[in-house]
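So that the names make sense, note that chain A is the first sequence line, chain B the second, and so on, each numbered from 1.
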Number of protein chains: 2
Amino acid sequence: MVSIKDIAKKAGVSISTVSYALNGSPKVTEETRQKILAVAEELKYVPNAAARTLKTRETKVIGLYLTDFGGAFYGDLLQGVKEVLNQKGYDLIVCSGKRSHRFLPERTIDGAIVLDATFSDKELLKYAEMGKKIVVLDRELDHPNINHVFLDNKAGATLAMEYLWENGHRRIYVVTGPKASYDSNQRLKAVRQFAERHELDVKEVEGRFTKESGELAAERIFQEYEEPTAVFCLNDEMAVGLYMYFRKTDLVIGRHIHIIGFDNIELAEYISPRLATIDYSKRKWGALASEQLLKMLSGKSVEHERIYVKLIPGESVGSLSNR
Amino acid sequence: MVSIKDIAKKAGVSISTVSYALNGSPKVTEETRQKILAVAEELKYVPNAAARTLKTRETKVIGLYLTDFGGAFYGDLLQGVKEVLNQKGYDLIVCSGKRSHRFLPERTIDGAIVLDATFSDKELLKYAEMGKKIVVLDRELDHPNINHVFLDNKAGATLAMEYLWENGHRRIYVVTGPKASYDSNQRLKAVRQFAERHELDVKEVEGRFTKESGELAAERIFQEYEEPTAVFCLNDEMAVGLYMYFRKTDLVIGRHIHIIGFDNIELAEYISPRLATIDYSKRKWGALASEQLLKMLSGKSVEHERIYVKLIPGESVGSLSNR
DNA sequence: CGAATCCGTCGAAACGTTTCGAGACACATT
DNA sequence: AATGTGTCTCGAAACGTTTCGACGGATTCG
């Protein structure tokens, strides 16, 4: 409501002087700045973001795109992103769904971090081509305006397989994510390599990275059950689905059936038996992604970063020797 | 980059005609509209949100303020909000932290839904006073520009107490949230009323609505333990904290120690034994909140809404008779 | 047939900033 | 005294829309 113009009038100076004063330009004398600040305060002036954006072409807001708001998975990641961003004077908004894509071309946000499989490569490339800066977390995309923080999926999947192997497991199933998922494919690739190296026959069941699909997968595995069997779920969410299923049977997890996941979601720690899984710092992942994005926005060059993983043992995987 | 002006030039019409055409005004003939649309398409025109906002004074974006991005608690709520909003042509952005408050006065968003105890009443009232429309979910605030969807905390707390009572429990502890929490206070009030009615002596331990504080509370309770004791945690998060603690002792939950929570978070279902708790539709809560907000924005009157609760039994509470 | 009505189009102002270039003034330099 | 050098302030244009009022031409009406 009250604009820079009102301040100018009341303070008896020009509009431009007010603007300079408010923005801390050295062009204006300390005395007039104080006067202007006082008037602004008195009038309860608040800058109009739209007008400023129209002129400066930037919003100091960056968007984070998620597939859905559900996943407990995201908490730490968002925290990491937010910390970095706020510290550099940027704000974070979290978005989901196709509608919100408009923020990118319409310049509501300066850049985006994407962790949303429903956001197509094609669309992303289109925006990148328009000059928008983007960091993707769930795919690799080759474009000067797009960067990527590499999560070491393969190392993680290999760790998981080794853990099962060392515990004596030889009949192993893997429950994959959707075929289109980059993470799933990377992890699966490592599983296959491991299998080949050890001359194992790893059976593959396709899931959708959800609890429900995990439950379905469990059903299939149960039908073919030949004791003892270990299952590597390519994410924890599906592992929880297996838990749900096997609780209804007389197989006990960690004894008759062995499960390991990937992601170390919160639930993995609280469910019992403790789910063995692959952990990585989601917070750091988010922090690195934002740092990359900010560098891109300020025209600096970015070096490729990588997130390391580690194994979290859990009672969901028992040793075959001490049955 | 390409603006309405470029379209006008290329199509050989005036700027205003382009604007009318693009906005589907009946003032322009179908023929010219098609021509303009074609040119816009060809030029890959995208409207500039800042310019439009500057003129129309609205963004068609509403903000949802959360204390932090952590809580798995929010998923369904956000889903409910988003569905309603999208259907009415609005977008949702999720925000957290003081910095983002600027969106309200700076007109980046048309209105806000607040579920964030760190957002002070005073500040909220200030924005309301400026004319911003707000729906609060975690407090009651009396202002024409602020509304509220009522969650039946008292009924929920009473249900929980009755459940414990009917299962024969008489030595009951309640673990509260922070003193400043509206929800905690409402629930606690009902607990006290129940205690008075049944001439019970309910011991109160103060928590902070987090797992860690639940664990601490458990420690205190354990020291005073006199079998059998039931604990009503004023939210599930803290109940999970109790689980963590008691797993380290030789008390088994649902047998020697009995626990009930409030909120029915996802974890409550997957933890074992299943946590008894109070459930309510978070999705509906979100949906009602957004509907209220949209009504306020269009100047309609809003009627007060209320969310009902129900008891979810769980094995975390056993009957005292069949020990 | 002249006047009234309607319809599609247009020009221009406005929204609230930022920022460039120029103006005004004071002071120092030759 | 004329010129030069800074310093502070100002006016005006620009960003990309929306929308009001006006305009001219075609149609309808009495």
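Between B:R57 and D:dT18 there is no side-chain N or O to OP1 or OP2 distance below 4.0 Å. Taking 4.0 angstrom as the limit, A:T17 places a side-chain polar atom (N or O) nearer than this to OP1 or OP2 of D:dC10. Considering only side-chain N and O atoms, A:S19 lies under 4.0 angstrom from the phosphate OP1 or OP2 of C:dT18. A sub-4.0 Å separation between OP1 or OP2 of D:dT18 and a side-chain N or O of B:R52 is present. The phosphate of C:dC10 has OP1 or OP2 within less than 4.0 Å of a side-chain N or O from B:S14.
Among the heavy atoms of the strands, none lies under 4.0 Å from B:V18. Contacts of A:T29 with the nucleic acid, taken as non-hydrogen atoms under 4.0 Å apart, involve only primed sugar atoms and P, OP1 or OP2.
Of the two residues near DNA chain D, B:K27 and B:T56, the one whose nearest nucleotide lies more 5' is B:T56.
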Pair A:E42, A:K10 - check salt bridge (charged side-chain N to carboxylate O under 4.0 Å, His left out), show working. CA-CA 10 Å; A:E42 184 190 345; A:K10 182 138 190 175; 3.2 Å; yes
Step-by-step side-chain hydrogen bond (donor to acceptor under 3.5 Å, both in side chains) determination, A:D91 to B:S100: CA-CA 6 Å; A:D91 272 302; B:S100 301; 3.2 Å; yes
Applying ring pair (Phe, Tyr, Trp, His ring centres under 6.0 Å) to A:Y65 and A:H101, what does each step give before you reach the verdict? CA-CA 9 Å; A:Y65 285 87; A:H101 294 183; 5.7 Å; yes
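Between the NZ atom of B:K5 and the P atom of C:dG11 there is a distance of 13 Å, rounded to whole Å. The distance from atom CG of B:L54 to atom C1' of D:dT19 is 14 Å, rounded to the nearest whole Å. Taking atom CD of A:E58 as the reference point, atom P of C:dT18 lies 11 Å away to the nearest angstrom. Taking atom CD1 of B:I4 as the reference point, atom C1' of D:dT19 lies 11 Å away to the nearest angstrom. Atoms CD1 (B:I15) and C1' (D:dG21) sit 17 Å apart, rounded to a whole Å. Here C:dG16 presents its C1' atom at 11 Å from CD1 of A:I7, a figure rounded to the nearest Å. Rounded to an integer number of Å, the gap from CG of B:D6 to C1' of D:dT17 is 13 Å. The distance between atom CG of B:N23 and atom P of D:dC20, rounded to the nearest whole Å, is 13 Å.
Looking at the side chain of B:K55, the nearest of the listed nucleotides D:dC10, D:dT17, C:dT18 is D:dT17. Distance from the side chain of A:N48 is smallest for C:dG16 among the nucleotides C:dG16, D:dT18, C:dT18.
Residues A:K55 and B:L54 are not in side-chain contact: their nearest non-hydrogen atoms beyond the backbone lie 4.5 Å or more apart. Contact check for A:F119 versus A:L104: side-chain heavy atoms found under the 4.5 Å cut-off.
Residue A:E30 places its CD atom among more than 12 non-hydrogen atoms of other residues, nucleotides or ligands, all under 6.0 Å distant.
Taking a 4.0 Å limit (strictly below) on heavy-atom distances, residues 32-41 of chain A reaches DNA chain D at A:T32.
Salt-bridge check for B:E123 with B:K98: passed, with a basic side-chain N closer than 4.0 Å to an acidic carboxylate O. Here A:K295 pairs with A:E303 in a salt bridge; the nearest charged N to carboxylate O distance falls below 4.0 Å.
Between the side chain of A:S16 and the base of D:dG11, at least one donor-acceptor pair of N or O atoms lies under 3.5 Å. Side chain B:Y20 to base C:dC7: no donor-acceptor pair is found below 3.5 Å.
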